[in-house]
Amino acid sequence: MAKRQNHQFNQRKAFIILLLIAVPVLCVTGIYLYGLNRYQTCFLNGTVIDQIDVSGMTISQLAQRIEGYVLKVEQRKADGTVLVEEISGSEIGLSYASMEPFEQILADQNSLLWFVRQENEQDTGNAVTFDENALKTEMERLSGFRKDFIVEPEDAFLSEYTPSVGFEIVPETAGNRLNKEKTFDTIRTAVAELQDYVNLSDAGCYETAKITSDNPALQASYEKLKKYTDITITYTFGDEQEILDGDTIVTWIDTDGADITLDETKVADYVEYLRKNYNTIFKTRTFQTSYDIDVTIDKGDYGWWMNTQQEAVELAQMIQNGESGEREPAYYQTAAVHGIPDYGDTYVEINLTAQHLLLYVEGELILESDFVSGNSARGFDTPAGIYGITYKERNATLAGQGYRTPVSYWMPFNNNIGMHDAGWRKSFGGNIYKTNGSHGCINLPYAVAEEIYGYIEKGTPVICYYLPGTEPVKKEEETTPADPAEEAIFAEPGQEAQDPAIVVPNPNPQDPTLVLPNPNPQDPTTVVPNPNPQDPTMVLPTPNPQDPTTVVPNPNPQDPTTVVPNPNPQDPTTVVPNPQPQDPTITVPNPNPQEQAAGQ
């Protein structure tokens with residue numbers, strides 16, 4: 001009994017094992033047979049024909065795909081969004097030329113290995129066929145070819161200048177104009193390959209701007225303009241400033257495409273504006289004298305004088321280099337301070353009426369002295385006006401027609417007119433200048449000339465004026481000529497020259513200031529011919545020669561440099577602005593003349 005039961009158990013166990021083995025085998029066999037049967041009529045996985053993946057498709061399905069083919073075309077709107085439209089295969093007569101190549105591929109495939117991906121690519125050369133004219137018609141029906149849909153592309157460009165912002169690069173506008181030829185080629189290719197979707201923008205079918213914001217030439221132009229407009233140049237004229245910045249400079253720029261130039265005529269116009277506003281040369285001034293009386297000074301060449309031609313060149317170069325900063329104009333000459341008055345508080349004040357000179361240094365009266373100016377009787381009056389010391393020189397020789405006079409301190413300020421020591425004179429001031437004055441120079445005592453020389457420099461203002469009512473007290477005048485050399489030049493024919501310092505007594509004394517009329521009047525400056533002509537520059541020997549620089553002692557000596565206090569002192573520098581400036585184009589002489597031709 002037990003043996004039978006054991007046998008039955010073994011039989012059931014064997015059956016179960018057989019069943020567990022048979023069922024999977026039968027399933028696998030069934031699946032395999034199903035696949036084998038299916039792939040007799042459809043293409044194996046991994047089959048690509050004419051670049052079309054036909055995996056699992058039957059020939060009839062492939063044919064049906066052609067009949068229901070639709071190509072979706074993505075187009076760009078002007079605002080950047082997209083529009084998708086379709087082209088149907090049925091509208092363009094899309095079909096395969098023949099199905100035989102597909103049938104042959106299907107027959108040749110190894111269906112026994114249908115469960116293994118084949119990676120089988122085939123090229124039948126049997127492309128789809130369609131009516132290209134119909135395709136072109138369908139393409140032209142797309143919205144992208146409608147006039148009301150199209151926006152033309154625009155090039156990037158430089159904006160107009162905006163104050164405080166400057167120039168900017170305005171980016172290009174893409175637009176949405178399609179290139180018809182490129183679009184047709186793209187759509188035709190998509191249809192031939194039976195693609196489902198085509199993006200015309202990605203395919204590069206749109207016209208593009210010729211100049212984009214990253215265009216090198218555009219970027220170069222922008223950088224050049226920015227260089228100009230970022231400039232700030234500051235001119236300082238005393239308490240006033242002129243600031244030249246991009247807002248002004250931009251109006252001086254000419255642009256012709258990528259060619260950007262600076263209009264130098266406008267630079268010159270700006271410099272001319274500075275000249276008109278800040279030049280002081282030749283302008284009329286009101287000068288407050290040390291006598292508490294104002295005088296009008298409308299002559300002379302002192303003052304700020306801008307070299308406009310040189311300044312225009314240098315300013316244009318600075319702008320073209322893109323430089324900013326403080327700038328001092330180019331000058332022919334400068335003055336002590338800007339504005340009116342421009343002579344500051346260090347100057348030489350010369351009262352030609354009083355024959356009295358005062359030297360101020362930083363507003364302090366340093367010295368004052370009498371002097372002898374140009375000979376009025378001979379027409380050598382020293383001109384009034386405001387001038388600057390041209391230069392100063394020790395041990396100069398003053399040369400002119402018929403004379404050569406050495407001086408120790410020479411300080412010219414008005415062409416050949418200057419201040420210098422006159423050691424041959426024994427007295428100064430009074431009315432000496434009327435009949436026994438110089439050729440125009442300011443003759444000073446040696447000690448005074450020496451002291452002034454130590455204080456003044458090139459450019460120190462010299463203010464000369466006539467002031468009625470300040471005439472010197474009448475006193476006996478010196479009869480010594482302005483220069484020992486003049487003794488020979490202005491002597492009567494046959495008259496012997498003598499020591500110019502010695503005054504010969506007159507047997508018929510009279511007022512020494514009285515000039516007797518000449519019965520044979522002539523120009524007092526005319527040189528009387530010498531019956532024995534010789535070099536007019538030669539000084540005739542005198543019977544009693546002596547050093548012409550020797551000063552004969554004064555019986556009543558006093559220091560001619562004594563400073564007389566002003567009873568009503570006030571600031572001598574106050575000047576009323578000139579309402580009618582003179583022509584600034586008058587040529588000022590060379591400040592470094594080669595020859596000391598002077599008026600003594």
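If you read the sequence from its start, that first residue is 1, and numbering goes on from there. Scope of the values below: all heavy atoms of this structure, side chains included, with no hydrogens, waters or symmetry mates.
- The minimum heavy-atom distance linking L359 with I456 is given by the pair CD1-CG2, 4.4 Å.
- With hydrogens and angles ignored, the 3.5 Å screen pairs a side-chain donor or acceptor of K266 with a backbone N or O of T251.
- In this structure, T248 contributes its side chain and L244 its backbone to no donor-acceptor pair below 3.5 Å.
- For the pair D254 (side chain) and T261 (backbone), a donor-acceptor distance under 3.5 Å is absent.
- Between Y360 and S290, the side chains place a donor N or O and an acceptor N or O closer than 3.5 Å (distance only, hydrogens not considered).
- Listed for the R327 side chain is no donor-acceptor partner under 3.5 Å among the backbone atoms of G325.
- Across all non-hydrogen atoms, the minimal contact from S221 to L158 is CB-CD1, 3.8 Å.
- The minimum heavy-atom distance linking L218 with T212 is given by the pair CD2-O, 3.7 Å.
- When all heavy atoms are compared, the tightest approach of K224 to I260 is NZ-O, 2.9 Å.
- Using a 4.5 Å heavy-atom cutoff, the side chains of W304 and T334 are in contact.
- Side-chain contact between Y278 and P329 is absent, with no heavy-atom pair separated by less than 4.5 Å.
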Going through the checks in order, is the side-chain hydrogen bond (donor to acceptor under 3.5 Å, both in side chains) test met by D79 and T81? CA-CA 6 Å; D79 60 4; T81 59; 2.7 Å; yes
Evaluate the criterion side chain to side chain contact (heavy atoms under 4.5 Å, CB included) for residue pair E457 and K392; output intermediate values, then yes/no. CA-CA 7 Å; E457 298 293 342; K392 65 179 186 177; 3.7 Å; yes
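- Residue E362 places its CD atom among 12 or fewer non-hydrogen atoms of other residues, nucleotides or ligands, all under 6.0 Å distant.
- Nearest heavy atom pair, residue P412 against residue N415, reads CB-O, 4.0 Å.
- Scanning all heavy atoms of the two residues, the minimum distance from I187 to M139 falls at CD1-CG, 3.6 Å.
- Of the residues V170, I169, V165, the one that meets the side chain to side chain contact (heavy atoms under 4.5 Å, CB included) test with S159 is V170.
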With side chain to side chain contact (heavy atoms under 4.5 Å, CB included) as the criterion, how do T286 and I297 come out once you've worked through the C-alpha distance, each side chain's angles and the decisive distance to 0.1 Å? CA-CA 6 Å; T286 297; I297 308 292; over 6 Å; no
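- Judged by a 6.0 Å distance limit and a 45° cone about the ring axis, R394 is positioned over the six-membered ring of Y409.
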Start with the C-alpha distance between D269 and W252, add both sets of side-chain angles, then the distance that settles side chain to side chain contact (heavy atoms under 4.5 Å, CB included), and finish with yes or no. CA-CA 10 Å; D269 290 343; W252 302 350; over 6 Å; no
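- Residue H338 is tested with F237, Y235, Y343 for a ring-ring contact (aromatic ring centres under 6.0 Å, His included); the sole match is F237.
- Between D185 and R188 a salt bridge is recorded (basic side-chain N to carboxylate O distance below 4.0 Å).
- In this structure, the side chains of T189 and V198 stay at 4.5 Å or more apart for every pair of heavy atoms.
- Looking only at distances, no side-chain donor or acceptor of T229 sits under 3.5 Å from a matching main-chain atom of G246.
- The closest side-chain heavy-atom distance from M419 to L357 is below 4.5 Å.
- Between the side chains of S143 and Q75, not a single donor N or O lies within less than 3.5 Å of an accepting N or O.
- At least one side-chain heavy atom of E364 sits under 4.5 Å from a side-chain heavy atom of I366.
- No side-chain heavy atom of L142 sits less than 4.5 Å from a side-chain heavy atom of L83.
- Taking the side chain as every heavy atom from C-beta outward, W410 and T397 never approach each other to under 4.5 Å.
- Within a 6.0 Å sphere centred on CD of E181, heavy atoms belonging to other residues, nucleotides or ligands number 12 at most.
- More than 12 heavy atoms of other residues, nucleotides or ligands sit less than 6.0 Å from atom CD of E328.
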Would you check, one step at a time, whether the test ring-ring contact (aromatic ring centres under 6.0 Å, His included) holds for Y302 with Y387? CA-CA 4 Å; Y302 181 81; Y387 309 91; 9.2 Å; no
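- Without hydrogens or angle criteria, Q333 side chain to I281 main chain gives no donor-acceptor distance under 3.5 Å.
- Here N133 contributes atom CG and I92 contributes atom CD1; the two are 12.0 Å apart, rounded to the nearest 0.5 Å.
- Judged purely by distance below 3.5 Å, without hydrogens or angles, the side chains of S201 and N199 never pair a donor atom with an acceptor atom.
- Remark: side-chain polar atoms of N414 are not paired, donor with acceptor, to backbone N or O of I417 under 3.5 angstrom.
- Under a cut-off of 6.0 angstrom, the local environment of OH in Y455 is sparse, with at most 12 non-hydrogen atoms contributed by other residues, nucleotides or ligands.
- Side-chain contact between E132 and K136: absent, with no pair of heavy atoms (C-beta onward) separated by less than 4.5 Å.
- Salt bridge annotation for E223-K226: absent, with no cationic side-chain nitrogen under 4.0 angstrom from a carboxylate oxygen.
- Enclosure of atom CD in Q309 is not indicated, since only 12 or fewer non-hydrogen atoms of other residues, nucleotides or ligands lie within 6.0 angstrom.
- Between K210 and E172 no salt bridge is recorded (no basic side-chain N to carboxylate O distance below 4.0 Å).
- Side-chain atoms of E311 come within 3.5 Å of backbone N or O of A330 as a donor-acceptor pair.
- By the neighbour-count criterion of 12 heavy atoms within 6.0 Å, atom CD of E85 is densely surrounded, having more than that number from other residues, nucleotides or ligands.
- With hydrogens and angles ignored, the 3.5 Å screen pairs a side-chain donor or acceptor of N176 with a backbone N or O of R76.
- Atom CG of N277 is surrounded by more than 12 heavy atoms from other residues, nucleotides or ligands within 6.0 Å.
- With values rounded to the nearest 0.5 angstrom, L398 atom CG is found 5.0 Å from H420 atom NE2.
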Give the intermediate values and the outcome of ring-ring contact (aromatic ring centres under 6.0 Å, His included) for residues Y69 and F130. CA-CA 12 Å; Y69 174 79; F130 53 85; 9.3 Å; no
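- A 6.0 Å sphere centred on NZ of K227 holds more than 12 heavy atoms belonging to other residues, nucleotides or ligands.
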Step by step, would you call Q320 with E264 a side chain to side chain contact (heavy atoms under 4.5 Å, CB included)? CA-CA 10 Å; Q320 289 168 343; E264 296 190 8; 3.5 Å; yes
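- At a cut-off of 3.5 Å, with distance as the only test, no side-chain donor of Q310 or Y332 sits close to an acceptor on the other residue.
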